[in-house]
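The structure appears right after this line, and notes come after that.
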Amino acid sequence: MGPRIVCLDLDCFFVSVERLLDPSLEGKQVVVGAAPGKRGVVTAVSYEARPLGVRSGMAISEAVRLAPDAVYLPPRHGVYSPYAKRVRTVLERFTPDVQTASIDEFFLDFRGTERLWHRPGDVDADATVLRVVWAMREAIQAEVGLPASAGLGTNRKIAKMASNVAKPAGVFMVGAGEEAAFLAPRPVRSFPGIGPATEARLQEAGVRTLGELLSRSDLRGRRVAESVRRASSGAREEGLGRDRPAFFEHDPKGETVGSISNERTFHADVGDRARVEAQLRALAERVCWRARKRGVRARTITVKVRTSDFHTVQRSRSGEATAGEREVFRVVLELLPRAWVHRRPVRLVGVQLSNFEGPGPQLALPLPSGRASIGTALDAVRARFGYDAVRLGAVGRSRWQGEGSTPGEAAGPPSDGAGVSARRDRRSR
DNA sequence: TCTGGGGTCCTAGGACCC
DNA sequence: TCTGGGGTCCTAGGACCC
């Protein structure tokens, strides 16, 4: 069978959505990411800014140096995910087998659909699928207004790499049997699953391209080498694997997720324990709220501390499943001294929930004591007006545009839920 | 020019049980 | 008194992806 696995990737997705909402951004250099002058990185960058060297993942300060005249925007995930959902709806018209890999990336399986889509003019089944994938790309552009690229291959690795070749706004197919020739000249780093660490190790071994990697019998048995070998052989996949629905959190019904975490980098490193605890309290509150929204309770709670030297320590504990912020925060406070082992100031703190169980019946019942969890009482308000409509204690917002408070910083002392502040999020519709 | 925030998967050692 | 493996869970860290 020919290449029937498709990787569909939205081109600089966040920038494209921002342009839909503000057409004046069309044709300009646009960078979505952290605020210029603050800590953070580039999340998405328009094609106009790429010749200047701006890349996603680089420090925002570096981006400003390279592209001082670009338009800088904060990421707005809540705004983007409905668009991703609309894209998925379009994709499902073409094949029922759609896997959401990330907010801007989907895999599709067209095996068995050739007969359905066949037209008299198609020279063969490959031509049929290629034509249909082009039509799918056009449909996304026409109906959602977003540019997309697609790669076709015999497996997901090849399809993913093909979609990178297709960008922007194109389609690229790697025929069955052409995989090895397609891979051979490309740098090892271009293969999905080979990152900077593996690239460095391979370079040390004198391997730069995927062709060189495949020719080296001494690397056989190494996991990455086997992964490349499998892809290169044109190995078929049984199925796309499990869907990854975590990207559509606003629609939580029945979705499984492995972990829920929130973390925050301080604008400036913090040595004061009370401020670290205040931030952890806010994070614990947020992850618990998200867990309750999904109807899950966590058996494992993890605290993460990154100090000024960028050294990161995580400490976790498993026990009775919970999604209550009092219990979670209590465990967080117990774990904190073990995670913050060095005396260095703290750069980042995080709270993670994992090892989930379904909701216990008590979550749905009225609170017996009235003070067991203020969180559940606030959930209804937040369901209507958004998370930031009600806040326990005063904690800065993550939006950097036009905000007075420092992003991610605890702006006040930890309160015990007494100082509840309520306000309408001025951004909510 | 310092390095975000949300995830997943893999590895490896130790505890504990059979 | 000495000595097995296998399975599963927990914990911690690392690599990678978008």
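Each chain gets a letter, A, B and so on, in the order the sequences are listed, and its residues count up from 1. What you see is a predicted model; the values in this text were computed from it and never measured.
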Checklist entry - Do A:Thr307 and A:Arg344 have a side chain donor and acceptor closer than 3.5 Å? => result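 Per modelled atom types, A:Thr307 and A:Arg344 side chains form no pair under 3.5 Å.
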Next on the checklist: Checking A:Ser233 against A:Glu179: is there a side-chain donor and acceptor pair closer than 3.5 Å?
Outcome noted: no
Checklist entry - Are any of the side-chain nitrogens in A:Arg299 or A:Glu357 under 4.0 Å away from the carboxylate oxygens of its partner? => result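 Looking at A:Glu357 together with A:Arg299, the answer is yes, because their closest N to O distance falls below 4.0 Å.
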Next on the checklist: Strictly distance-based, threshold 3.5 Å: is any side-chain N or O of A:Arg137 a donor or acceptor partner for the main-chain N or O of A:Val171?
Outcome noted: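 Between the backbone of A:Val171 and the side chain of A:Arg137 there is no qualifying donor-acceptor contact (under 3.5 Å).
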Item to check | A:Ala169 backbone acceptor or donor facing A:Ser149 side chain under 3.5 Å | outcome: yes
Checklist entry - When you look for runs of 3 or more Watson-Crick or G-U pairs in a row, both distances below 3.5 Å, which of them include DNA chain B? => result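 The stems that DNA chain B takes part in, listed by first number, are B:5-18 with C:5-18.
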Heavy atoms only, 4.0 Å cut-off, all strands: where does [X] land among base, sugar-phosphate and nothing?
X        : answer
A:Ile60  : nothing
A:Ser56  : nothing
A:Lys304 : nothing
A:Phe191 : sugar-phosphate
A:Arg347 : base

Next on the checklist: Run A:Glu212 and A:Arg216 through salt bridge (Lys or Arg N to Asp or Glu O under 4.0 Å) and show every step you take.
Outcome noted: CA-CA 6 Å; A:Glu212 289 164 5; A:Arg216 288 278 293 267; over 6 Å; no
Checklist entry - Where does the chain A footprint on DNA chain C start and end, counting 5' to 3' with a 4.0 Å heavy-atom cut-off? => result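 Nucleotide range with atoms under 4.0 Å of chain A: C:dC10 to C:dC18.
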Checklist entry - Taking the inter-plane angle between the rings of A:Phe14 and A:Tyr80 on a 0 to 90° scale, is it parallel (under 30°), tilted (30 to 60°) or perpendicular (over 60°)? => result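 It falls in the parallel class, under 30°.
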Checklist entry - Taking for each residue the nucleotide of DNA chain B bearing the nearest heavy atom, is the 5' side occupied by A:Ser308 or by A:Arg223? => result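 Its nearest nucleotide lies further toward 5', so the answer is A:Ser308.
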Checklist entry - Given that A:Ser259 and A:Leu348 both sit by DNA chain B, which one's nearest nucleotide is further toward the 5' end? => result A:Leu348
Checklist entry - Once you round to the nearest 0.5 Å, how far does CE of A:Met173 lie from CG of A:Leu130? => result 4.5 Å
Next on the checklist: For the P atoms, the ones on C:dC18 and on B:dT3, what distance do you get once it is rounded to whole angstrom?
Outcome noted: 22 Å
Item to check | A:Arg317 atom CZ, over 12 foreign heavy atoms within 6.0 Å | outcome: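 Yes, because the 6.0 Å sphere around CZ of A:Arg317 holds more than 12 heavy atoms from other groups.
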Checklist entry - Taking syn as any angle within 90 degrees of 0 and anti as the rest, which one fits C:dC2? => result anti
